[in-house]
Amino acid sequence: MFLYELRHRGTRHRPVVPPSRLAARAGDAALRGGDDRPYLRPRLAAALPRRATLPARRQPLAVARRRAGRAGRARPLDSLFVLRSAMRLSKSLIPTLKETPAEAQIVSHRLMLRAGMVRQMASGIYAWLPLGQRVLANIARIVREEQDAAGAEEVLMPTIQSADLWRESGRYDAYGKEMLRITDRHERELLYGPTNEEMITAIMRDAVKSYRELPQIPYHIQWKFRDELRPRFGVLRGREFLMKDAYSFDLDRAGAVVSYKKMMLAYMRTFQRLGITAIPMRADTGQIGGDLSHEFHVLAPTGESGVFYDAAFEAGDALAATDIEQFYAQMTGIYAATDEKHDLAAWNNVPPERRREGRGIEVGQIFYFGTKYSQAMDFAVTGPDGRRIHPEMGSYGIGVSRLAGAIIEARHDEAGIIWPDAVAPFRAVILNLRQGDAATDPLCEQLYAALGREALYDDREERAGVKFAEADLLGHPWQIIIGPRGAAQGQVELKRRATGERFELPVAEALVRVRG
RNA sequence: CGGAGCGUAGCUCAGCCUGGUAGAGCGCCAGCUUUGGGAGCUGGAUGCCGGAGGUUCGAAUCCUCUCGCUCCGACCA
């Protein structure tokens with residue numbers, strides 16, 4: 001503890017507090033009315049001579065200890081302990097905001113800033129703070145699991161690419177100003193990748209020679225950059241964004257369509273696991289090229305596009321699907337369209353009671369585009385008859401960082417974010433309503449030790465109201481509320497953020513509930 | 001890229017029109033009180049007024065240039 005604090009906090013520009021005064025102030029704090037912790041005094045006496053040699057401190061030890069909610073139970077291994085379980089709110093980089101920064105217009109952007117998830121570093125470019133980083137990691141984890149399950153294989157390609165690669169496909173000039181172009185010290189032309197068709201095709205061209213090595217679906221989760229004319233909506237339309245992109249290589253069109261269908265199922269499973277409703281819709285192929293494409297829209301009242309769909313989608317369960325062909329037929333057989341592609345004739349065939357109109361945020365898109373890149377870049381494998389075959393390709397994107405915003409758009413209320421369990425940065429927050437209390441402190445520590453990284457411990461010296469408000473803002477699925485009255489009897493209150501339900505439970509039962 | 005607007009304390013903003021000591025609320029720090037839904041009182045710290053140039057005895061304020069950010073439109077995982 002001492003080393004840790006010395007290293008991290010001891011260099012602040014503060015006047016040195018004379019040892020005598022420090023002792024007096026610390027003593028006062030320990031003896032203050034209502035403080036029922038006599039053990040503080042001997043501990044302080046032991047600690048003070050060491051402390052007096054330290055550089056300027058921000059506060060007397062007793063106060064520091066009270067704030068940190070440590071109840072004076074310092075142990076020799078404290079420094080390690082504190083470093084490992086860093087998610088005590090008092091020691092975390094979670095800079096919440098009471099007021100909304102002026103630049104944020106859309107609800108997810110406001111909430112992400114207010115919850116301390118992200119900070120804008122430049123137009124459309126964000127730093128992800130601990131809470132945001134955890135959400136990103138959780139989304140990426142689920143995306144990864146579903147890609148792997150679909151038979152895709154993870155790789156990691158660089159963010160910086162050579163212009164020459166893009167000249168091969170002809171897209172270096174075609175891509176326009178949205179591509180961020182870079183020149184290195186040797187005047188070589190580089191670019192920050194907006195997508196990776198060219199690069200993955202070059203890799204495959206180099207590595208894959210026989211038809212027996214296909215099909216393959218490499219994917220990676222990597223930062224992309226598209227120099228949008230007008231970044232907006234926070235991470236929903238940033239210039240730099242984290243994307244999962246997969247690329248399928250098959251021998252023929254039939255195989256490519258199978259890959260396409262697999263990916264559609266993987267996408268629907270992914271979105272369902274993320275706790276959101278996403279609907280696949282026929283789409284244009286745009287820059288990528290090709291003739292088969294679907295966009296996936298998350299339903300959210302603040303979405304950018306208007307969407308029309310058949311309520312049959314709401315009943316679908318991708319996690320229960322066993323037959324890919326059947327699932328694909330079902331998905332593509334139900335009416336769904338963005339306002340741009342809305343077809344009134346087809347819409348009128350949907351039974352009126354099943355017609356749904358809403359808003360959607362595009363969080364993914366899949367393409368089949370045949371041999372566009374394998375031809376242009378001459379990636380061919382030797383077929384069974386010795387002839388060269390240009391593989392049939394598809395590409396499949398999921399906006400990982402955009403999903404973080406989209407999930408909030410879909411799941412929030414006036415008080416803040418309502419995280420689905422799967423993506424929440426923490427399953428639970430432990431609210432110590434009376435920091436420094438003889439009953440609440442040990443109980444909170446016990447719960448915190450039991451839950452480990454799954455829990456955030458609000459150990460700050462704040463009023464109950466502040467803790468409640470921030471817990472709601474941050475949106476943890478569970479709030480474990482520990483007040484002096486219940487704590488004395490070993491009871492805690494459990495609040496479910498999504499529903500507002502509250503339960504009075506013994507500690508052990510609460511743990512079971514939270515762990516699900 | 002076209003149109004509009006905004007840059008003043010960590011955040012939200014006033015002050016600018018009409019030039020003359022840089023402000024409020026919240027947050028932060030210290031103390032006391034309070035303690036189950038963003039408390040109260042007292043004291044304190046914090047600013048290259050985005051940057052550069054100009055006008056003037058004097059510029060946050062007027063003029064010019066510039067950088068950044070936001071909004072509307074076209075574009076987009």
Side-chain angles (χ1 to χ4, degrees), chain A residues 12-15 17 21 25 28-29 32-34 58-60 63 67 95-106 109 113-114 116 119-125 175-178 194-196 221-245 267 283-284 286-288 293 295-298 304-305 340 361-367 395-403 405-406 415-416 431-437 440 460-473 479 481-487 493 495 500 502:
Chain A
R12 304 230 172 175
H13 306 292
R14 301 257 163 191
V17 180
R21 210 176 136 213
R25 282 160 68 183
D28 285 351
R32 232 186 351 256
R58 54 190 306 158
Q59 59 208 349
V63 175
R67 276 174 194 288
T96 56
L97 265 23
K98 214 161 163 182
E99 288 175 280
T100 305
E103 76 265 18
Q105 302 295 319
I106 194 168
H109 193 195
L113 289 169
R114 289 230 293 131
R119 282 290 164 95
Q120 182 170 334
M121 295 291 102
S123 178
I125 297 175
Y175 215 95
K177 294 197 166 179
E178 210 170 273
T195 177
N196 286 59
I221 298 174
Q222 177 64 289
W223 292 93
K224 307 288 188 293
F225 196 95
R226 294 185 191 173
D227 199 0
E228 298 277 346
L229 279 178
R230 186 150 91 82
R232 61 185 128 169
F233 307 139
V235 301
L236 290 182
R237 183 173 309 297
R239 292 193 292 172
E240 188 185 44
F241 56 95
L242 188 60
M243 180 167 102
K244 186 284 301 181
D245 40 324
Y267 274 39
D284 289 325
Q287 282 280 8
I288 310 269
S293 180
E295 288 176 354
F296 296 80
H297 284 259
V298 167
E304 279 188 75
S305 353
E340 290 164 354
I361 301 168
E362 190 191 340
V363 291
Q365 188 167 9
I366 58 180
F367 303 87
S395 75
Y396 314 88
I398 290 182
V400 173
S401 51
R402 173 179 280 191
L403 268 168
L431 300 183
N432 189 344
L433 296 192
R434 179 94 50 100
Q435 202 68 42
D437 183 87
T440 62
R460 297 170 304 167
E461 274 269 309
E462 289 287 356
R463 295 168 60 82
V466 173
K467 296 193 176 190
F468 287 134
E470 285 201 6
D472 287 346
L473 172 66
Q479 295 174 13
I481 300 163
I482 296 164
R485 288 193 291 277
E493 183 179 333
K495 178 182 162 188
R502 291 160 181 275

Nearest-Å distance for atom pair [atom1]/[atom2], residues [X] and [N]:
{"X": "A:Tyr175", "N": "B:A77", "atom1": "OH", "atom2": "C1'", "answer": "9 Å"}
{"X": "A:Arg232", "N": "B:G68", "atom1": "CZ", "atom2": "C1'", "answer": "19 Å"}
{"X": "A:Gln120", "N": "B:C6", "atom1": "CD", "atom2": "P", "answer": "19 Å"}
{"X": "A:Asn196", "N": "B:A77", "atom1": "CG", "atom2": "P", "answer": "15 Å"}

Would A:Phe468 count as stacked on B:G36 if the rule is ring centres under 5.5 Å and plane angle under 30°? no

Using both distances under 3.5 Å as the test, list the Watson-Crick or G-U wobble partner of [N], or none.
{"N": "B:G5", "result": "B:C69"}
{"N": "B:G27", "result": "none"}
{"N": "B:A60", "result": "none"}
{"N": "B:A39", "result": "B:U33"}
{"N": "B:G19", "result": "none"}

Non-neighbouring partners of A:Glu103 that pass side chain to side chain contact (heavy atoms under 4.5 Å, CB included), sequence neighbours left out: A:Pro101, A:His109, A:Leu113, A:Gln120

Atom P, compared across B:A59 and B:C63: separation rounded to whole Å: 16 Å

In B/S/- notation, 5' to 3', how is nucleotides 7-13 of chain B contacted by protein heavy atoms closer than 4.0 Å? ----BSS

